[in-house]
Amino acid sequence: MSNIIFLYLISGLYYAAYLFLVAAGLTIIFGLARVVNLAHGALYAIGAYVAAWLMGLISKQIPPPLWYIIIIIAGAAGAAFVGIIIEPLLLRRVYGRLEEFQLLLTFAILLIIEDLELMIWGPYPLAFKEPYHYLGAVSIGGGLMYPLYGFVVIAMGWLIALFLWFFMTKTKLGIIIRSAAANKEVTAAIGHNVKSIYTKTFILGATLAGIGGAIVMPSATAQLGLGIDILVFAFAVVVIGGLGSLKGALVGSLIVGMTRVVGIAYFPEIELALIWLIAVIVLVFRPLGLWGRE
Amino acid sequence: MAKILEVKNLNVFRGPLQVLRDVSISVEEGEIVAIVGRNGAGKTSLIKSIMGLLPVKSGKIFFKGKDITNLPTHERAKMGIGYLPDDMGIIPDLTVSEMIKTGLWVSGISMDEIKKRVTELFPEIKDLFNRRGLYLSGGEKRMAAISRALALNPTFLLLDEALEGLAPIAVSRFIGTMKELKKIGLSLFAAESNVVLASRMADKLYAIERGEIIYEGDPKKIFEHEELMRIIRG
Amino acid sequence: MPETFSNPKEVPPEARSKLSRRELLGIIGGLVVGGAIGAAATYVAAPKEVVKEVAKTVTVPGPTVTVPGPTVTVPGPTVTVTPGARPVPTTPLKIGCQTFMKGGNAPLGVPLYEGLVAAAEEINKAGGILGRKVEVIVRDEAGTDETVKEYKRLVLEDKIDLYIGLISSANTPAVAPHAEELKCLSLFIDGCTDVVFDVVDRNPVYVFRNHFQSPDGLINNFQLMRLYKRKTGKLPTRFAYIHPDYGYGRLVHAHARYATDKVMPENVNAYEAFVKFPGTTDFSAYITKMLEVKPDVVLSSEWGGDFKAFYKQALGYGYFKAIPVFISTLSHGTYPEFLETDYPEGIGAGVHANYWFEYPLLDQNPVNKYFVDSYFAKWKRYPNFEAEGAWTMLWAFKGAVEEIYAKIKGGWPETEEIVPILERWAMVCPAGVWQIRKDNHNGYKDAISGVSINDPKLGFNKLTDPYYIRVDKISAPPRWQLEVFDPKGPHPTATADWIFRTWKKGELPDGVTL
């Protein structure tokens, strides 16, 4: 029985890990630009597609340990590249506009990116399996196994959480981003180019989403619609944790990840409803989420 | 003396509403200039336009003789214009020393240097460096905001209602601080709704009403114009 | 017209089973010579009373036709159109097609389009239908509202002559009433839910469909029992289910539960889950739960990208070693190259709509061989059941038009004249013998399931060891949906109702062996 509990726990942590990467990007971008960026899901999908596409091309030519680095770099670079294009070109135009307008435009961007994915990679799901199978599985007793790649994803999630904490509290850009998030006029008035901070932050958020999409690919498939599906859960995370808060994204991801596991195991008909029920309970007591701020 | 700031025939709109009409002002080097007016008369709009936070429809802004009308805010800051918004723009999430650092990274002066400078002005700030913005009192917020503005090593400060909401004793102290700043070579342009306080600090006074300058001159003499005083006091 | 097939004993599968291989080959040869696949195939499929009736149709006058199959150009009688009354239009025949061209359903949707285009090109090369070229207008299938809107645009604005398409079980019940209202001959390929003709469109006129859902849910349910018995010598008792959360998955589950509760009343439903579809990337919690409840067998109807994610993760958990028998009704139903060689061997291999491109055996069914070869030559991959369905449907339409054309002695037939021909249509299609039943306009073919095996030559995982059940043994008899089944009653479909009322507790149904 204890090995089953271990599997549940690790399943929850696994889901939380890549969900955190998506929610963290969403929350960082919202924290600064106050834009609920629906296109964020598409950046996750881009990460997934680029990683799957590149692995399909070169996985046979490069030694296995490099795969894991390639996946992350490919996902990050792909999403960052799209971020560099869409922030200055499109997203910048909705900062400070009405929310309806922001949702409309960012959703339009999501759809455009999906169509581009269709044009570039075709209608069929893309998948690669080598990095997942290569690491094999560890026996956890009772004839049960756990795929080692799961630990890679979990470790990546925590490493990036740690990196983000360090980045936001210890680095120059992190502190300036926090300053601009609270007050962009004053931050500009002490000599910081806020436009470029927005772009950099957007790219950071995009990169996180791209890594999130890329690291799940060895165990999943890149298919159209990926971007919208992850958004549903990422929004649950930021609603629970509080939009704009990284700590909220981390705790929210763990709550959603674990709730999903409990839901699937014991209330499989209402797993998604269960997650939103928790979100509603949080909102009743803390309307801005656990760590949200005005 | 040379003009550090000169604003010529400035017209500014917020949406369809014209908030500044043909405004012209100037600040000499080493001078404290104040502008008074009722709420909504255009003081904040003028300060924001000078800082580059509001788009200018027509007119020119010169700083140290250079046309800065179309320069983005951060470029103006780098030229030496410091800015204190009416809410002091304190970042609740950052500590005082982190806020100061955001200025230092632009100016390049050292933390020790700036700490020395600001503790001369506000001795009690040395206990506040590690406190977060969220936990600062009204007076402490002003100290932090001025310290951050000074970290930029400015030659000119824009202050928007810097005295509002302060106890009388603190008001006197901050007027003292402004004069200290003037002594170390800064020029100041301050928006103020209290005409008595404005005349106490300023070398030159402007009055603004509905976006138009209606008085320019000696801060003491404004009290002689009864009609003007009625307008300014509402 | 007499009721062609008034009881299930007369449905063609039995006919097929009584035909020797030699006879079958002879008939297929005749089919080629006959000039029109549809017309001749009718003969094959209905060898009893029907023979007399359809025998007439074998002598269909047709244009000079290049027949698909081993390339044989057969000069047929020249068409003589009676001038006046209703000449054959010189304009091309416009076929509106709706299918998923993108998104998670594209792995099924695109082959449908490709199968239709393949048939259209072959027909055009052979001179068209009564000399009319056919052209295909494809529109994206999407959510129900958009699909209906697009359907109406095709009919009203594009003025299509014929509609072929639809993948989703959400869309066919929504489109069917509009098709009847607009009187547009609409041949659905998939969207296979029994609900379409059992509940929504109970007396169809203009709507037909290539196949329906209940047989492939049921055969895979029996395949579970069969494989478990083969492995352990006894029948399974603990069942678990993981299905995609939409109409198809829900109905596979319903039919499986009806059947299992009848056949083995003591069975335990250990776990059932309906998973968001498409777009679930992480199945680890579902896998863990199934490992926890230790079922003897697991029935799934996951497919496409989601299924690939599922099996990849399941491999990592050692799931296929821990679960004695697993089957997904649609694992091998996506396009054939879809399952890679990392897919485990020796587990159940379900194919939706009862078509896997290697069965009927290519060397025994020239129609299938012709279809697979020409499809592969054109699209550089193997066809799936949607491609086969669309291809078959257009050839069936062509055959029906030519048959009635002969009867009315010239002129392009009205839709109302084509419908009665289609209502008793049967032919040898790539999937084998296939017949449309008059009472519910569904196409019927024998159910097939198999066992997975990696084929190093093909480079993907495929179906082997085919297990057949005659379609009439696992679906409601004719007119059941009209005369017995109550659409407002407790059972979701006529087949479920039929199982509930007629199957004996604790016994396998007649005609099913494990």
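All values below were derived from every heavy atom in this structure, side-chain atoms included, with hydrogens, water molecules and symmetry-related copies excluded. Below, read A as the first sequence line, B as the second, and so on, with proteins coming before strands; counting in each chain starts at 1.
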Within 6.0 Å of [atom1] in [X], more than 12 heavy atoms from elsewhere:
{"X": "A:E99", "atom1": "CD", "result": "no"}
{"X": "A:R92", "atom1": "CZ", "result": "yes"}
{"X": "B:K204", "atom1": "NZ", "result": "yes"}
{"X": "B:K43", "atom1": "NZ", "result": "yes"}
{"X": "A:F81", "atom1": "CZ", "result": "no"}

When you measure from the side chain of A:H192 to the backbone of B:T102, do you find a donor-acceptor pair of N or O atoms at a distance under 3.5 Å?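 Here the side-chain-to-backbone pair exists.
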Less than 4.5 Å to any heavy atom of chain A: does that hold for the side chain of [X], its backbone, both, or neither?
{"X": "B:K48", "result": "side chain"}
{"X": "B:P85", "result": "side chain"}
{"X": "B:I81", "result": "backbone"}

With rounding to the nearest 0.5 angstrom, report the [atom1] to [atom2] distance, [X] to [Y].
{"X": "B:R148", "Y": "A:S179", "atom1": "CZ", "atom2": "OG", "result": "6.0 Å"}
{"X": "B:T73", "Y": "A:E185", "atom1": "OG1", "atom2": "CD", "result": "8.0 Å"}
{"X": "B:L150", "Y": "A:I190", "atom1": "CG", "atom2": "CD1", "result": "12.0 Å"}
{"X": "B:L94", "Y": "A:I175", "atom1": "CG", "atom2": "CD1", "result": "6.5 Å"}
{"X": "A:N193", "Y": "B:K78", "atom1": "CG", "atom2": "NZ", "result": "7.0 Å"}

Please report the closest heavy-atom contact between B:P92 and A:A182, naming both atoms and the distance. CD-CB, 4.0 Å
Minimal non-hydrogen separation, A:A189 against B:A77, with atom names: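 Closest pair (atom of A:A189, atom of B:A77, distance): O-CB, 3.2 Å.
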side-chain contact (heavy atoms from CB on, under 4.5 Å) evaluation trace for A:K195 with B:H74: CA-CA 10 Å; A:K195 260 188 196 171; B:H74 64 276; over 6 Å; no
Pick from B:I90, B:L84, B:L152: which one has the most heavy-atom pairs with chain A under 4.5 Å?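 Of B:I90, B:L84, B:L152, B:L152 has the most heavy-atom pairs under 4.5 Å with chain A.
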